[in-house]
Every structure is written in structure tokens, then in C-alpha cells.
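Computed from a prediction, not measured in an experiment: that's the story for all the values here.
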Amino acid sequence: MICYNCGCPLSEYDFCTACGADVAVYKKVMYISNRYYNDGLEKAQVRDLTGAITSLRQCLKFNKNNVEARNLLGLVYFEMGEVVAALSEWVISKNLRPQKNIADDYINMIQSNQSRLDSINQTIKKYNQALLYCRQGSLDLAVIQLKKVLSLNSRFVSAHQLLALLYINSEEWERARRELYKCSQIDTNNTTTMRYLKEVERNLSPEEGGKQSAKKKGKSGDVIKYQSGNETIIQPMNRKESKGLSTVVNMAIGILIGLAAAWFLILPARIQTAKATIDENLRTVSEQLDAKTATIGEMEQQIKQLNGENQSLQADLEGYVGTDGALQAMNKLLEAANAYLADPNAVTTVAESLDAIDMEELGDSVSEDFRKLHENLTILVGPELAKAYYDEGYELYRQEQYAEALPILLKAHQYDETNGDALYYLAHCYRLTNNNAKAKEAYEQVAEQFPGTEKARNSKRFLTELENADPSTAVH
């Protein structure tokens, strides 16, 4: 036993030797809780499951953190067929002690076996349906449901008791006794089972009275007298000379009476019994057919519901597919930001991530914060990237690789719009690759943004040539 205040082991004293807390009452409570646990364990070992539940609940009232008591209580519930109550106790136990707890094995034993889990769910549903039938007065349907429940879980004590109660209501005493005997095999001291069984035994025991008293025989001439209850029976004596004939006559009369009884009593009863059996079978088949029809209706409804959910999910999926480009752009932007924060000089790494983002293609699918972050990163690394891209693009331009130089010079201008040289040679690349429309736009920008410069004057001249002459003249 450990101290509730500091967690140190307690000694025989009424106070904690580590922190000095008063633990006298705490010890008494723990002793009482442990005593109830031991009592519950003893009752569970002799299959007094009801008594074990009572003791273990008392144990948990005094110490709700008693993990062993909760695990044992869950086992008792499971043995009685109360799987939901058992799982509740084991889950609480697992939360109290997450590590080295046997409740993990119990829970995994149920949850890892999908067929067992489905069987438990079906048992609960059918038992609840049987209760609903009982409340509605459909006792025959309730009996059918309870039989299905017991076929799935033969140790469900409550189902046995309810089925026995229905048999008692219909005065089927032998069937009720069999169900109650099964209950007593599972839980030997269940008070409900014992009360039902007492009622069944009272109705099955023969009534008293009508016993034949000792015969008093006396010979008085040709008769024999004897007493049977309150009546005196007088039987005449058979004479020797008529003994044989009388015997034959009596046998013949007995045979005739037997045949008449068989014809008028036994045979109609047999026919009635056969008809009743056939009617019972027809009713059972009809009930099963109705149950299957209801099940089919439920399954069709579930199929419709699942189809609707599938269509809704498909629509959501199509919506998500449209945002896939934005998600990739967000990832690339985060990569660029992380690279810059890790090393501000890692311009090449940042550029690779930023180059993968096409803001024109994204359009309105990104937020304003996304645009601001992209703009800020571009401002931070733009000048260096623009210079690097310009040097590379200009070198390709000098080598007359205009198509290869064009996208690189375009990046240089995008990262630094003040770089007039990049824009100027970009216009040349557009012109030399026969993209006159783009070339005109670029030359106009050079003339507007850099007035009074040599680039502006040359740009106006090329604009005039593009409008009035063949644009294939190259400038080096």
C-alpha cells in the first residue's frame, strides 16, 4: 500500500513516514476495499456470479482505482453474457493503468476478431428487439428472437431468464425449467433465477389428496370388501365353475372398450396434436419469413443510404481534387521559407521551390497570406536570383540559343522588375523566336520604364521595325 499524498510505501504506523500525512482512515478504506475484492473473488470461483458482482461493486465504491477488481468484474460480466458491461470495465481499467494491464488482452480478444464483434452486436440488437416485442405483446416473436440470441451467445443469463419468463407466461413449465437450469449452471446464486424456478417447481409438483388408503379385505359370503378413500368397494367372488367363461368375456369386453377408446379418444387427440404441430411449424416459418422480409427491407434502406453517402463523398472528393495544385504550391512555398530561415544564403534552394509555384495558374485558389508570403520571399531573394538568372540567360543569348535563354531571362525579370537589361534581352529573344506580340510588349515596357536610355531608344526603333518591316533581323 502506498501513500495517497506522496506515493511512498506505508508502514505499520498511522502516518506516512515520508511526508507525515495521516493515513489511518485511508488504510481502513483500502482494507475494506481489498476485503470486498477477496470476497468477490471467492464467490466468482464457486460461480456465485451475482454475489461476486455485488462484492466487487462494493470494492470499487471504496477504491475506484482498484484495477484488479475492475478486471475481475469485467470477466464476471463477460461470463454472464453482458459483453458491453465487461468492455466498459476493461476500458476504465486500461485508462487507469495503460501499461502492463491484462485488460488489453481482454479488449484485443474481442476487438481483433471481427466475426465475434459482429456476433456481439447482433446479440445486443436481437435482445433489444425481443424486449420491444414483449412490450408490444408479440410474445411469440420475442421467443423467436431470444432463441436466436442464445444461439449466438449461449451464456447470456438475462436472455435465458426472459425466455423462461415467457415460457412461464404460456404455462410451458418444462421448457421454463430447462432454461432456468441453464441459468443456474452459469450463475448458481442468481435470485431472479431462483424465484422463477420456485414458481415453476410449485406448478410441476403433483397435488396432494386422493391417495388410496390401506385395503381392508374381508370375506362375507360371496363378496370381497375393501376401503378406497372414503368409498367402500364390494367385489363379488368368482365361482370356480364360471371362472374360465367370465375371464374370456371380460377380456373381450376389455378389448372392445380399448378399441372404442382408441377410436373415439386417442385417434382424435393424435390428429389434433398433428394439426397443432403443423400449425406451429407454419407459424414459425411465417414468422421467420416476416423477419427475413423485414431484414431485407432494412438492408435495402441501408443500401440506399450508403449510395447517397457514396455520392456525397464522391462530390467532396471531386472538390478536393481541384485544390491539389494549391496544396502542392503551399508545400513548395513552405519549403522555400524553411530553406531561407535555415540559411539566408541558400538562394538556389529557395529559387527551386519558388520556381515550382505558378501564381497565374493558381489564380484565386490561394489565400491573401499565401500571396504576401510569396511576395516577401521574392523581395528577399529576388535581386540575387535575378542577377544569377540574367548572367545565365545573357550567356545563352550570346551563344544565339534564344529559345533556351528566353525562360531564364523571363525569370530574371520576374524576380527583379527593375533589371532593364533582362527585360531588354528578353524582348530580343521574343523577337528572334518570332513571338512578335510578346516582343512588342517587352519593348514597350523598356521604353516606358527606362526613358532616355540607350535601351529605350533601341526598343522604339525595334518597335517601328516590327510594325513596318520583317522582324527577323537579329541584334547582337
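Side-chain contact between Arg70 and Leu60: present, with at least one pair of heavy atoms (C-beta onward) separated by less than 4.5 Å. A heavy-atom distance below 4.5 Å is found between the side chains of Glu179 and Leu150. Contact of the Gln145 side chain with the Tyr127 side chain is not registered, since no non-hydrogen atoms from C-beta on lie closer than 4.5 Å. Side-chain atoms of Leu423 and Asn419, non-hydrogen and from C-beta on, never get closer than 4.5 Å to each other. Within the 4.5 Å cutoff, the side chain of Ile102 has heavy atoms near those of the Asp105 side chain. In this structure, the side chains of Glu174 and Leu204 come closer than 4.5 Å at one or more pairs of heavy atoms. Looking at Glu201 and Arg177, their side chains come closer than 4.5 Å, going by heavy atoms from C-beta outward.
One N or O on the side chain of Thr293 and one on the backbone of Leu289 form a donor-acceptor pair closer than 3.5 Å. Judged by distance alone, the side chain of Ser55 and the main-chain N or O of Ala52 form no donor-acceptor pair under 3.5 Å.
Using cut-offs of 30° and 60° for the angle between ring planes, the Tyr106 and Trp90 rings count as tilted.
A salt bridge is defined here as a Lys NZ or Arg NE, NH1 or NH2 lying under 4.0 Å from an Asp or Glu carboxylate O, and Asp187 with Arg47 fails to meet this definition. Checked for salt-bridge contact, Asp39 and Lys43 meet the test: a charged N lies under 4.0 Å from a carboxylate O.
Under the 3.5 Å distance criterion, with hydrogens and angles disregarded, no donor-acceptor pair is assigned to the side chains of Ser138 and Gln136. A side-chain donor from one of Thr50 and Asn190 sits under 3.5 Å from a side-chain acceptor of the other.
Here salt bridge (Lys or Arg N to Asp or Glu O under 4.0 Å) pairs that include residues 54-66, with residues two or more places apart or in two chains, number zero.
At most 12 non-hydrogen atoms from other residues, nucleotides or ligands lie less than 6.0 angstrom from NZ of Lys438.
In this view, Arg283 and Asp140, Glu280 satisfy the side-chain hydrogen bond (donor to acceptor under 3.5 Å, both in side chains) rule, not counting sequence neighbours.
The two residues Thr193 and Leu180 have their closest heavy-atom pair at CG2-O, 3.5 Å.
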